[in-house]
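Below is one structure, written out as structure tokens, with a few remarks after it.
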Amino acid sequence: MTDPYPLTMGQQFGRRSWAEPWKIKMVEPLRMTSRGERERAIAEAGYNTFLLKSEDVYIDLLTDSGTSAMSDRQWAGMMLGDEAYAGSRNFYNLEDAVRMHYGYKHVLPTHQGRGAEHLISRAAIKQGQYIPGNMYFTTTRLHQELAGGVFVDVIVDEAHDPASRHPFKGDVDLNKLEALVKREGAERIAYVSLAGTVNMAGGQPVSMANLRALRALCDRHGIKIYLDATRMVENAFFIQEREPGWADWSVAAILKEFCNCTDGAWMSAKKDNLVNIGGWLAVNDDELFEELRNLVVVYEGLHTYGGLAGRDMEAMAIGIAESVRDDHIRARIGQVRYLGELLTDWNIPIVQPVGGHAIFLDARRFYPQLAQVKFPAQTLAAELYLDSGIRSMERGIASAGRDPKTGDHYYPKLELTRLTIPRRVYTQAHMDVVAESVKAVHDAREQARGLEIVYEPKYLRFFQARFRRLQD
Ligand code: P71
């Protein structure tokens, strides 16, 4: 006999329910659209979700970047902005927060992550040098290439397999790195570009054991490790949860221990650090810092504001302290996991295990009838928008861009559509609506015919490319 009483979500998943460690003080109304309005909007946007107007979007899962809700304390901090050109008190608060929670010696603010990527790439890469890394990220690799470097993927093979349940798919394959060093010589390696919870792999973490082994290898060859710390707090949570020996450590302590094994970090504070704009760059080396502090005034702003208002730096300093709290990060990753568990139960192909910031739909398995040149992940993003007004992001062949040498597309193994969850913004009921819409699109999957590209700009084409629907 079926249970006559409805079950809570927690009970349905066989456990006690958890809840967000905050309550809502201010709300922003959402707008729902009709199917006809969405058909017009996505056609006008060239079937590219980056070109939709936010007003035409119902639940916005384009990105977790700059889309978080700030806390009452952060908003109060905004009122304490010291908008002096030089030496703002908010800069010193930011510097203290980065030193305390990430542990690096020198800190520079930047307008966002790619501002910091630009500076570190310029200062630390010489023409023709290699930058091995645990999978590329679009802006990171572009800045490395613009600085004359060549990115080399040295992530473990499991990262390229959406079905592999390896618990640390962000790990570096040390054999691949060792082979590169042997072949090219350590002096031709600029540094190792290591990212916490690897975005393009599905938000997959790096283990502490892998980092320590990487550190030992790099020390043998005199190679530096710079960390993309954008989602490193989420990575620290996975270490606490999954890696033997770390369960009794706080996320904050794991974060600091991890950073301690690296030589510096760049940060898009729009993610983990819970602000709508901002970034930072931090290093331990005095000489490198000297160079970076000089470059920052050319490209970002004076070294005590780096393109930000004082109030932005204050919100960031407060956001950093909030972001490393265990209760915050558990609820954040718990919400992503909740959506992932629903989709997994419904047999919808997603990258496993569920990562930190997003659910990644596996568009290859979703649309087996579509060749990669028909942009399956872009097609899926468009279909999802048409179904419900939910906005997602392509992370496949369109994002990968073209090989500058041959001019042909890069053909990435992963062809994914990302449902990225902003922090502290949506509720569990929104996640249910998202899951139901994904299921509706999955049920209609056989009708999809794919897209062709009709316009693409030279750099980071996915932002502004336009597509046309294929009929057959
Ligand atoms: C994301 C973004 C924002 C984005 C960037 C490029 C294409 C599409 C969307 C930004 C990152 C990131 C990592 C690991 C550096 C940046 C750049 N991610 N590293 O995922 O994820 O930071 O946007 O502040 O310049 O939607 P920035």
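Remember, it's 1-based here, ligands and their atoms both numbered in the order they're listed. Positions are given from 1 along the sequence.
Among Lys271, Arg114, His111, the residue whose heavy atom lies nearest to atom 25 (O) of ligand 1 is Arg114.
Ionic pairing of Lys405 and Asp403 is not present here: no N-O contact between side-chain nitrogen and carboxylate oxygen is shorter than 4.0 angstrom. Using a cut-off of 4.0 Å between Lys/Arg side-chain N and Asp/Glu carboxylate O, Glu383 and Arg469 are scored as salt-bridged. Here Glu341 does not pair with Arg337 in a salt bridge; the nearest charged N to carboxylate O distance is not below 4.0 Å.
When hydrogens are left out, the protein atom nearest atom 13 (C) of ligand 1 is Asp228 OD2, 3.4 Å; that is the closest non-hydrogen contact. Protein heavy atom nearest atom 17 (C) of ligand 1, with residue, atom name and distance: Thr139 OG1, 3.5 Å. Remark: minimum distance from atom 16 (C) of ligand 1 to any protein heavy atom is reached at Phe137 CE2, 3.6 Å. Nearest to atom 22 (O) of ligand 1 among the protein's heavy atoms is Ser268 CB, 3.3 Å. In terms of protein heavy atoms, atom 15 (C) of ligand 1 is closest to Glu117 OE2, 3.0 Å. For atom 27 (P) of ligand 1, the closest non-hydrogen atom of the protein is Gln112 NE2, 3.3 Å. Closest to atom 9 (C) of ligand 1 among all protein heavy atoms lies Met393 CE, 3.8 Å.
Only one option out of His409, Glu415, Lys413 pairs with Gln372 in a side-chain hydrogen bond (donor to acceptor under 3.5 Å, both in side chains); it is Glu415.
For ligand 1, the atoms sitting less than 4.0 Å from at least one non-hydrogen atom of Phe463 are 6 (C), 7 (C), 8 (C), numbered in the order shown with element in parentheses. Close approach of ligand 1 to Lys270 is summarised as follows: ligand atoms under 4.0 Å from at least one heavy atom of the residue are 24 (O). Atoms of ligand 1 found under 4.0 Å from any heavy atom of Thr138, numbered from 1 in the order shown, are 6 (C), 7 (C). Within ligand 1, counting atoms from 1 as listed, the ones closer than 4.0 Å to a heavy atom of Thr63 are 1 (C), 26 (O). The contact set between ligand 1 and Phe462, taken as ligand atoms under 4.0 Å from a residue heavy atom, comprises 7 (C), 8 (C).
The backbone N or O of Trp249 sits less than 3.5 Å from a side-chain atom of Gln240, completing a donor-acceptor pair.
Cation-pi check for Arg141 over Tyr410 is met; the charged atom lies under 6.0 angstrom from the ring centroid and within 45 degrees of its normal.
Between Arg231 and ligand 1, at least one pair of N/O atoms sits closer than 3.5 Å.
The neighbour count for Arg364 CZ, taken as heavy atoms of other residues, nucleotides or ligands under 6.0 Å away, is above 12.
Residues Pro109 and Leu308 approach most closely at CB-CD1, 4.2 Å, considering heavy atoms.
Between Tyr305 and Tyr85, a ring centre-to-centre spacing shorter than 6.0 Å is recorded.
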